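The model shown is predicted, which means the values in this text are computed figures rather than measured ones. Chain identifiers are assigned alphabetically (A, B, ...) following the order of the sequence lines, protein sequences preceding nucleic acid strands; residue numbering begins at 1 within each chain. Basis for what follows: all heavy atoms, side chains included, without hydrogens, waters or symmetry-related copies.
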Amino acid sequence: MIELPSIYNPEQTESKRYDVWMKHGLFGSQPDPKRSPFTIVIPPPNVTGSLHMGHALNNTLQDVLIRWHKMKGDNTLWIPGTDHGGIATQNVVEKMLKKEGKTRHDLGRETFLKRMWRWRQDTGDTILHQLRKIGCACDWDRTRFTMDEASSKAVMTAFVELYRRHLIYRGRRLVNWCPRCFTALADVELDYVESAGHLWHIRYPFADGSGRTLVVATTRPETMLGDTAVAVHPDDKRYADARGKTLRLPLMDREIPIVFDAAVDPAFGTGAVKVTPSHDAADFEIARRQNLPHEMVVGYDGRMTDRAGKYAGLSLKECREKVLADLTAGDFLEKEEPYKHSVATCYRCATVIEPLESSQWFMKTGDLAKRAAHATEVDRVQIFPESWEKPYIHWLTNNRDWCLSRQIWWGHRIPVWYCLRCSRLNEDQLGQIARDPTFQLESTKMILRESASDPIVREEDPVVCPRCGKEEIIQDPDVLDTWFSSALWPISTLGWPKKTQDLSYYYPTSVLVTGHEILYLWVARMVMMGEELASEVPFRHVFIHGIVRDKHGKKMSKSLNNVIDPLDIMKKFGTDALRFALISSAIPGRDMQLSDDSFVGARNFANKIWNASRFVLTNLSDHRRTGLPPDKMDLSDRWIRRRCVETLKNVDAFVEGYDLAQAARTLYSFFWGEFCDWYIELAKIRLQGLGGPAENPPPKPPTTDAALAAKETLATVLDSVLRALHPIMPFITEELWGALGETLGEKTEGCLMAAPGRVPALFDSPAASEADMRAMEVLMETVTALRTVRSEMNVPPGKSVPLLVNAQNALPFNKGLLETYGDYVKRLGKVSEIRFIGKGEKPAQAAAAVASDFELFIPLEGLIDFEKEKQRLSKEVVSLDADLQRLQARLSNPDFTARAPQEEVTKAKDRHTEVTAKKQRLQTHLAALAKD
RNA sequence: GGGCGGUUAGCUCAGCGGUAGAGCAUUGCCCUUACAAGGCAGGGGUCAGAGGUUCGAAUCCUCUACCGCCCACCA
């Protein structure tokens, strides 16, 4: 006999379970053509990270799917791993260096990278260990890292291959530059922050000395130093006579042309735009079309360059102040007005982004993106919930080429070399490269990229130049965007570029589970890469979940100090409670708000499961599963079995549609609201007798068929629900399922996790009929009505009372129920005896109720408070009356009876009859009461 | 500027054409040997507002207001 404590202790259960699963090899998977695979590749967390609520949610969702499919019999594989995290990770280590008073340049590239690797070695796997703590069933033998050998190989191969296919190219473009991280960023790596700025209107005088001016508006006056034109719309009549004219750029005293370009919106401001090709993406395009020169006045360090004349060396902020002051002094400033606009910031360090011209590597995404969009349009990649499909496709069909190169050191170095000998480099340029071997200056890199030889694109270091045979070749200093390797993750983890068995068996994977914040950053790019390089999309389904927020709807962040640490929650409430709370809050398509309180309910549920199981187990100590014949079953047995089967089927449907929250809630309400609240209480009649455990000896000793049927059903239903709950709450269910098996003498080596999700006995036994279901409803309604009267008349819960029933007007079927299943009412309503009375018998001094078509009386000699009873009954009559009026209105509407489905009309009529009868009976009692 | 989501009980949220729901909080009674992290019963809502479609609208459509996200070469 197993002894279980009366309060569930998660720590005790959790500490041992995971190791047992590991020991049984339940997380591993090998290709097996006889079974269908179910595969998930983890969204690799950054090595910098420690587990936060978002990870906990994301990985619990995946774990639920993996465990559910495993129990369904699929060959499940979940590949874990981490991402090197490019800029984010480099920032972390640079911060550590800063505390030592050093920069990465003090160490040099090689030493710095050694330091990075050492740091990764020491702390990089923390998060993977934390995933074990929350129970994730990953195949740890396949743990990968985006910079491990195989992944790096995949990255190199992909780059070279895409270059060969002319999908990767080198170009001088306007890029998003973070002056703090000192690198270019892709468009999707920006965060836009709403900012209350100003719009300055500046007068540019015509160069003809006429004194006429043209007013332009700008939010960034300092960039005017780099203006090389002013643009107006070609059809703008206001400027028709300006064709061919030039302006004199204030402060710089340069002559700049007026150009005509359709990109200008004549309705905005004055309809004239200053054109700064080097510092504004739109202007860059205008300059290209209009063939304008570029003036780069802002440098990579965020300060003004020599081209800014007397402003050189100033920071942007200082420069703006000085420019404004000088414009005012020269009477060029027409007005200044407040203006709200959004400013691009670095998604890693929140520094304001400067659009700057730079030489970078790009990926041509136009065609790839169109193909990716198409894949979703024809459901080769299905998005759940569907509401994300539109934004996803919209982004795919509108994005610009992807800037791949980053000017940092941590990452995959671009597999491109240049020959210094085959080049057109002069002595000065060679000298600069020699003086700046780590390319701290953007200009050094530019020399290399644009003046050295054509790029030699190779997976491996060519060592010597393939053209001239000289050894003076030098590798491109940049590394690849961290999302480049992430984009290859589903194929690289399965062995690509090798044609592995894994790849042919597990690819495409089944589902990708992720938050919507990286839908574009990551998901879209995986689809593009998969289609292009592996000739097939990387996953069939994309399951998008919400973002975890605090109880005020704010994103959790350290700076806001509103973070709820999943590890704390696990310690306080248990891992299963954490998981259940997360899953049941994961409503498709919606973000979730969590507070500490969110987990209390789940903790209580775990305890409920524990105690219900404890009850079942203590009653099964002498039981062996027999497969008892159905005719031995009680009404309640048939009822709960049917309800259980229905519940499990509903849960299956919810899981298949990725509505795990519904699945969790469905199980919760079945287990607590039906199994515990009703079935277990009813089973006690056969296990403990009518009067409860104190009754001695029990009138029905637990060896009868009736008791056996109850035990059989308790065992079967508990077994089933534990299995269904296991994917969500793996620890407690595993523990209890093991204890159940042991109690029943069925001890096996197996784990619940490896068990099939179905208990055949439950699904094979004949289901309850519709009549059975209706019978249970009537009995439950009777019990509830009885309890209500007792409670409202202050009958002490412990006190047994006789129950008088007038069933004169009841259906024979219902009356028969009370005769056959009177014990249900006796036990659950604490009734000593049920006596049927005739129509004329008016029980004196009794509280009355109506349930189904019974009139119920509880004699309360001397205890009854007539006033209170009158009030109670009148109140119920009033509410019934309201009901009745609504029904009446509906039924008397000819349109309703004519046009509504017959089923609805019948329902309304039945209900009308029912309510009328109930109201009449109550009124009779009221009248009788008045007479007393 | 475009798109998406939200507005339902004091709080957090389900429901998304046919009698308004859950958890927490609250009130009353109960330490009934599975569980007080519990049981039983109760109170509490013109489902943001205005129109429309429909026999019938919290649910579908239109508009409005407020909140939150996402996208956009927002000068």
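- At B/C4, one or more side-chain N or O atoms of A/K390 fall inside 4.0 Å of OP1 or OP2 (strictly under the cut-off).
- Of the candidate nucleotides B/G18, B/A34, B/G38, B/G38 has the atom nearest to the side chain of A/W672.
- A/T270 places a side-chain N or O within 3.5 Å of a backbone atom of A/V215 that can act as its donor or acceptor partner.
- The phosphate of B/C30 (OP1 or OP2) has no side-chain N or O of A/K799 nearer than 4.0 angstrom.
- Residue A/K684 has a polar side-chain atom (N or O) positioned under 4.0 Å from OP1 or OP2 of B/A34.
- Scanning atom types as modelled, no donor and acceptor separated by under 3.5 angstrom connect the side chain of A/Q688 and the base of B/A34.
- B/G43 and B/C24 are spaced 16 Å apart, taking the C1' atom of each and rounding to whole Å.
- Scanning atom types as modelled, one donor and one acceptor separated by under 3.5 angstrom connect the side chain of A/R911 and the base of B/U19.
- The side chain of A/Q593 contributes no N or O atom lying less than 4.0 Å from OP1 or OP2 of B/G68.
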Secondary structure string for RNA chain B (Watson-Crick or G-U under 3.5 angstrom, | for other-strand pairs): ((((((((.[[[[.)..(..]]]].(((((.......))))).....[[[[[..)....]]]]])))))))....
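- Proximity note for A/R603 (side chain, C-beta onward) versus B/A14, B/A41, B/A37: the nearest is B/A37.
- Residues in residues 787-796 of chain A take part in no side-chain hydrogen bond (donor to acceptor under 3.5 Å, both in side chains) pair, two or more places apart or across chains.
- Two rings, from A/F284 and A/H294, have their centers less than 6.0 Å apart.
- Without hydrogens or angle criteria, A/T219 side chain to A/L199 main chain gives no donor-acceptor distance under 3.5 Å.
- Taking the ring centre of A/Y668 as origin, the terminal cationic atom of A/K608 falls outside the region bounded by 6.0 Å and 45° from the ring axis.
- Side chain of A/K608, nearest nucleotide from B/G39, B/G28, B/G18: B/G39.
- Expressed to the nearest 0.5 Å, how far NE2 of A/H341 lies from CZ of A/R220 amounts to 9.0 Å.
- Checking the phosphate oxygens (OP1, OP2) of B/G38, no side-chain nitrogen or oxygen of A/N607 falls inside 4.0 Å.
- Checking B/A37, B/A14, B/C35 against every side-chain atom of A/E681, the shortest atom distance belongs to B/C35.
- For A/Y392 and B/C71, the OH to C1' distance is 16 Å, given to the nearest whole Å.
- Each of B/C29, B/A14, B/C71 was ranked by its minimum atom distance to the side chain of A/Y520; first place goes to B/C71.
- Between A/S387 and B/G5, a side-chain N or O to OP1/OP2 separation shorter than 4.0 Å is absent.
- Counting only heavy atoms from C-beta on, A/R400 has its side chain closest to B/C73 among B/A34, B/C73, B/U19.
- Annotation: cation-pi pair A/R173/A/F362 present, NZ/CZ under 6.0 Å from the ring centroid and within 45° of its normal.
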